[in-house]
**Q** 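For reference, the structure I am asking about is given below.
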Amino acid sequence: MSSARVSKEIEKLQEQMVQSLIELIQIPAVGPENGGEGESRKAEKLVEICKRLKFDKIETFEASDDRVQCKKRPNVIVYVKGETDKEKLWIISHLDIVPPGEDSLWTVTKPFQPIVKDGKVYGRGSEDNTQSVVSSIFALKALKNLGIKPKRTVALCFVSDEEMGSKYGIQYLIGKGLFSKNDLIVVPDGGNSNGSFLEIAEKSSLWFRVRTIGKQAHASEPSKGLNANRVGMEYALALDKMLHAKYRGKDNHFEPSESTFEPTKKEKNVDAVNIVPGEDITYFDCRILPKYDVEEVLKRTMGLAKVYEKKTGAKIGIEVVSKNKAPKPTSANAHVVLMLRDAIKNIRGIEAKVGGIGGGTCAAFFRRKGVPAVVWGTFDELAHQPNEYAKIENMVNDAKVFAFLATCSG
Ligand SMILES: [Zn+2]
């Protein structure tokens with residue numbers, strides 16, 4: 001088959017791709033931890049789109065979750081039969097999104113009112129990860145239009161709950177035994193702006209909550225209380241400094257090359273300006289190079305909390321929100337990595353390099369089971385930011401690579 005013919009067919013589908021992307025972005029799919037209703041409505045729209053495109057084998061696996069109104073977190077799989085069924089090619093992207101963040105920062109458009117501007121589609125979830133949802137679907141649609149059968153059966157997998165740990169998403173599907181060791185796993189949920197970066201390793205991640213308890217008082221008589229806000233800030237800054245100093249080593253395979261430790265979310269405290277807060281809650285997001293021990297980071301964090309408790313008289317509790325030890329990296333010579341590099345070379349004319357990142361993706365859960373998995377896509381890296389957009393050109397060009405991958409014998 002000629003890849004030029006397939007690429008041309010994908011280009012013809014561009015308008016439909018943009019339309020589908022817009023339809024999907026319009027439906028928020030925020031997990032319950034962030035006050036959302038989950039992915040069900042978005043999944044229904046996705047199934048509708050896939051039916052419209054005449055994909056005939058669509059399965060939905062629903063994980064029960066009492067925290068959302070419909071009690072279900074959907075995971076949709078679209079299968080296209082290939083010449084062989086012995087090993088499948090999986091392209092896995094996620095339906096859920098992070099919340100829009102501060103509304104006033106969305107200056108191009110509102111988060112769920114997508115618009116097309118300068119070759120980009122703006123809206124929350126556009127790049128992360130709906131761009132890949134759409135590019136993978138239309139890669140197969142192009143093959144279908146041309147009557148080309150994939151080499152191996154392709155399964156497009158659209159999962160829930162990726163942003164908050166994947167328990168109701170890819171972990172649920174792995175638990176159902178859907179994947180086999182020989183399958184090729186591609187996760188288009190990370191990459192760089194020219195598509196030359198293949199991610200085969202991730203850092204360990206550690207998220208925790210710092211709960212500081214003091215004593216509430218009138219702000220005009222602070223000595224009658226113990227200001228948890230002040231202690232919480234002092235501790236957080238000291239912790240920030242200590243972690244950066246202790247774990248400052250670099251590994252140039254990673255992007256960024258050092259561990260990161262960021263104070264992020266803060267929970268609301270008192271309602272009035274004139275109240276000394278008795279409680280302060282702040283969170284840290286840590287991405288740790290594999291050479292460091294996550295447990296040791298946690299121990300040091302708790303140790304410093306004890307020091308500040310003694311110093312201030314406040315109580316400082318460290319509560320782990322999530323903790324993931326980095327799995328063994330996928331080999332740079334794994335079949336799926338070599339095939340994808342070859343596809344990128346053929347379609348884009350570039351030599352992609354392999355490396356690691358700080359962000360966690362679905363790939364980690366496969367690596368943990370010893371199944372090679374590669375993360376790749378072409379992104380301007382707007383994930384989780386205001387004015388997030390997906391470049392239409394990237395969506396189309398990634399679809400060409402997926403189509404090539406589906407048809408090469410490798
Ligand atoms: Zn993502």
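Every number for a ligand or one of its atoms is a count from 1 in the order of the listing. Heads up: numbering here begins at 1 and tracks the sequence. Because the structure is a prediction, the values reported are computed rather than measured.
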**Q** Do any of the N, O or S atoms of E162 sit under 2.8 Å from the Zn ion (ligand 1)?
**A** no
**Q** Tell me, please, if D189 has any N/O/S atom, main chain or side chain, under 2.8 Å from the Zn ion (ligand 1)?
**A** yes
**Q** Rounded to the nearest 10°, what angle sits at the Zn ion (ligand 1) between NE2 of H94 and OD1 of D128?
**A**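 Between NE2 of H94 and OD1 of D128, at the Zn ion (ligand 1), the angle is about 90°.
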**Q** What distance separates S20 OG from K141 NZ, expressed to the nearest 0.5 Å?
**A**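 The distance works out to 10.5 Å.
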**Q** Could you tell me whether R73 and E62 have a side-chain N and a carboxylate O separated by less than 4.0 Å?
**A** no
**Q** Is there a side chain to side chain donor-acceptor pair (under 3.5 Å) between H384 and E163 once you walk through the steps?
**A** CA-CA 10 Å; H384 302 201; E163 298 289 359; 3.1 Å; yes
**Q** Would the number of heavy atoms belonging to other residues, nucleotides or ligands and lying under 6.0 Å from CZ of R230 be above 12?
**A** no
